[in-house]
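So the structure is just underneath, and the comments pick up after that.
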There are 2 protein chains.
Amino acid sequence: MTGIKDVAKAAGVSVSTVSYVLSGKRAISGKTADKVMEVVRKLEYTPDASAQKMRGLRNRILAVSEPIRGDINEAKYNAYFLYTAWQAKNAGYDVLLLTGENAVDDIQRVTRSNMVDGVLLLDVVEDDDRVAQVDSYDKPCVAIGYPADRGDCACVDIDFAAAGTLAMDYLYKRGHRDVLLLRDNERDYERRSGYVVALRRHMLDRAHELGVRVVESGKNEAGRFDAAAFVRDLKAMDPRPTAIVNQADAAVVNMVVQELDDAGLKVPDDISLLSVGTFFENDLVRRPVTEIPVMPKLLCAKAVGLLLSAVEDGRRISASGELISPVMQDHGSVATVIPSVASTSDATGSPSPHTSPRKKRT
Amino acid sequence: MTGIKDVAKAAGVSVSTVSYVLSGKRAISGKTADKVMEVVRKLEYTPDASAQKMRGLRNRILAVSEPIRGDINEAKYNAYFLYTAWQAKNAGYDVLLLTGENAVDDIQRVTRSNMVDGVLLLDVVEDDDRVAQVDSYDKPCVAIGYPADRGDCACVDIDFAAAGTLAMDYLYKRGHRDVLLLRDNERDYERRSGYVVALRRHMLDRAHELGVRVVESGKNEAGRFDAAAFVRDLKAMDPRPTAIVNQADAAVVNMVVQELDDAGLKVPDDISLLSVGTFFENDLVRRPVTEIPVMPKLLCAKAVGLLLSAVEDGRRISASGELISPVMQDHGSVATVIPSVASTSDATGSPSPHTSPRKKRT
DNA sequence: TTGTAAGCGTTATCAT
DNA sequence: ATGATAACGCTTACAA
């Protein structure tokens, strides 16, 4: 309500003086500056953001696109969203959230109408419309996630090819030749959520190269996972897997760990557990699990940093595709075993001499 | 980039004609309108939001304040946030998220700088700064939650006094005289999160009035809940509670149900389970639980509706404090029992003749 | 039915 | 060191 004119009048100076005092873009005598600032505080003057934006100043608003597909309660993706908001805030930016189904329309609308300074894309899937249309936005844009074809879109993600390799090499090096893949929520595969699908493929590929046998768990429908059945199946397998590679979330892992416990299987002595592409930092886990995490904090920091380098310094970022190396966080849930001789040959019905896994924890 | 002048030039009309075609605020000949719209589409013209706002039009942006206190992964509150965003979107509004610690500063900044049309307050605690300062905002404001003193702030919430009464009356009517209160996460009590605290108090008060004995579970620290111990304690109690009243989240309830099962206690035949002030709709629950839910969807719809009535129709809403009646959602986890005669008298060490609860489910 | 021009609240250029 | 004023892109009162 109170504008720069009111301040100027009350301080007995011109509007330009007020503007310059506030922006610091030219020298002002200490006396005038003090008087102006005093009035500014007294009148609680805050410059009109629209007027500033019209003059070409930045808004300090970033659009964050996170289309809500189906269920609203996907805590997994909230981590990215909140860290993004947090990073933006730290840099002095606010976040305009775009959750509509027609994400591309929304992004075009807010960029073309000059409502925001830049755009962040969250929950990117393998063939993402928002990425494909990046050239139609009037503002810089960074995706968190790496679609199959990133075109001109700047992308930041974990290197999931490397993560898949790292996971399998890690197990292989510790003697594991038979692993059980605990699938993520089916919905994540179906929506072709970028990394979940890619990671699984890379793990299977690497396992094949190494001669590691991978059996996949049954489909894991949302909210219907039967941990008891999973463990029962595990015990019935021949040869019995020496490790579980997990893509599912904390709730599922907790249930599995509990069931393993009930079934008398100790982690890692009787069965190793490695979680890949998950993020357990904040969730309750019944026991620490060795993990190659997705690192939302890091990704969001990188993405916001990259976007702001374009917004504030005009850097051209359309060429940037940053892949961050995965890291193994050892929490002692993977043991070293002696590979069973039969494990790489074909599995006949004969009772394979199962090598009891018992070694130092890793 | 492309402005109204460009459109006017290309269409061979004046800028006001273009403006009027787009706003529909005066009659335009069909021919001109068509031509203009064609050019608008071809040039992908989108009016500059700042310029419009300067002319007094609405921005169609609502600020949503949800300060992140401590841990970032509080899924509970995300539901409110997402439903709010969804409701806003449905009404044609975008959402500017304010997560900073200094919520009041942020709200003052975005309202005074005219960046938003209105403000929604989420995760309101009993003595909430944001509510206390509501008069210092330059835009209409609605809180979801009911602080101790709402002052001039419009508030929408479940009537938790009524909910507490409803919960206890419901159990009392079904013969329960001894109940065990399963506490929510301690953090929720500590931060004095509005309803969690109020609800507990109201339940205890009502129980006292009815002569229902309430024993509280031990503190439930985040991520450290020991369901087995909880059930062990339950079995050791004398007289043994016939019902559990739950304030904790789905993860905790799942664990408890599982442990009850393992301990041979059937719900509801051996022990009733009533959840109050929770929201299990989207979470996996091992068995349906009778619930007086918090109804975020409804609350958000009411709040957004109220706010928009102020934003769009200029209604004065500072007098509005809407309390929504709680509803009991029966999912068959509460049984009717025959009250034990000893239950209202003092509990001596004598082995009370525990009335085995077995009746029709409710 | 359409055009002209004032004005919204700022910033920045030009004077002084 | 400070002041007057054009310009930003749009909406709308007024004119034609």
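Lettering follows sequence order; numbering is per chain, from 1.
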field: Worked check of salt bridge (charged side-chain N to carboxylate O under 4.0 Å, His left out) between A:Arg130 and A:Asp128
entry: CA-CA 5 Å; A:Arg130 297 169 297 167; A:Asp128 200 296; 2.9 Å; yes
- request: Could you check B:Asp48 against A:Arg112 for salt bridge (charged side-chain N to carboxylate O under 4.0 Å, His left out), going step by step and ending with a plain yes or no?
  value: CA-CA 7 Å; B:Asp48 183 294; A:Arg112 294 202 181 129; over 6 Å; no
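In this structure, the NZ atom of A:Lys9 is 18 Å from the C1' atom of D:dT2, given to the nearest Å. Atom pair A:Asn114:CG and D:dC10:P shows a separation of 10 Å (rounding to whole Å applied). A straight line from CG of B:Asp6 to P of D:dC8 spans 12 Å, rounded to a whole angstrom.
With hydrogens and angles ignored, a donor-acceptor pair under 3.5 angstrom links the side chain of B:Ser16 to the base of C:dG3.
Aromatic pair B:Tyr80/B:Phe279: ring centres not closer than 6.0 Å.
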Can you give each donor-acceptor pair under 3.5 Å made by side-chain atoms of residues 296-311 of chain A, sequence neighbours left out, with the distance rounded to 0.1 Å?
residue: A:Lys302; atom: NZ; partner: A:Glu322; partner atom: OE2; Å: 3.3
residue: A:Ser309; atom: OG; partner: A:Leu306; partner atom: O; Å: 2.7

Show which side-chain atoms of residues 26-38 of chain B pair as donor or acceptor with protein atoms under 3.5 Å away, not counting sequence neighbours.
residue: B:Ser29; atom: OG; partner: B:Thr32; partner atom: N; Å: 3.3
residue: B:Ser29; atom: OG; partner: B:Thr32; partner atom: OG1; Å: 2.3

Atom pairs and distances, donor-acceptor, side-chain atoms in residues 49-58 of chain B, under 3.5 Å, two or more places apart:
residue: B:Lys53; atom: NZ; partner: B:Asp117; partner atom: OD1; Å: 2.6

What donor-acceptor contacts under 3.5 angstrom involve side-chain atoms of residues 5-20 of chain A, with partners at least two apart or in another chain?
residue: A:Asp6; atom: OD2; partner: A:Gly3; partner atom: N; Å: 2.6
residue: A:Ser14; atom: OG; partner: A:Ser16; partner atom: OG; Å: 3.0
residue: A:Ser14; atom: OG; partner: A:Thr17; partner atom: N; Å: 3.4
residue: A:Ser14; atom: OG; partner: A:Thr17; partner atom: OG1; Å: 3.2

Can you name the atoms? Protein N/O to nucleotides 6-9 of chain C N/O, anything below 3.5 Å, with the distance.
residue: C:dG7; atom: N2; partner: B:Arg55; partner atom: NE; Å: 3.1
residue: C:dG7; atom: N2; partner: B:Arg55; partner atom: NH1; Å: 2.5
residue: C:dG7; atom: N3; partner: B:Arg55; partner atom: NH1; Å: 2.5

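Side chain of A:Asp149 to backbone of A:Gly151: a donor-acceptor contact under 3.5 angstrom is found.
Residues of residues 20-40 of chain A having a heavy atom closer than 4.0 Å to DNA chain C, listed by number: A:Tyr20, A:Lys25, A:Arg26.
In terms of position along DNA chain D, the nucleotide closest to A:Gly12 lies nearer the 5' end than the nucleotide closest to the other residue of the pair A:Gly12 and B:Thr46.
Distances shown here put a side-chain N or O of A:Thr17 below 4.0 Å from the OP1 or OP2 atom of D:dG3.
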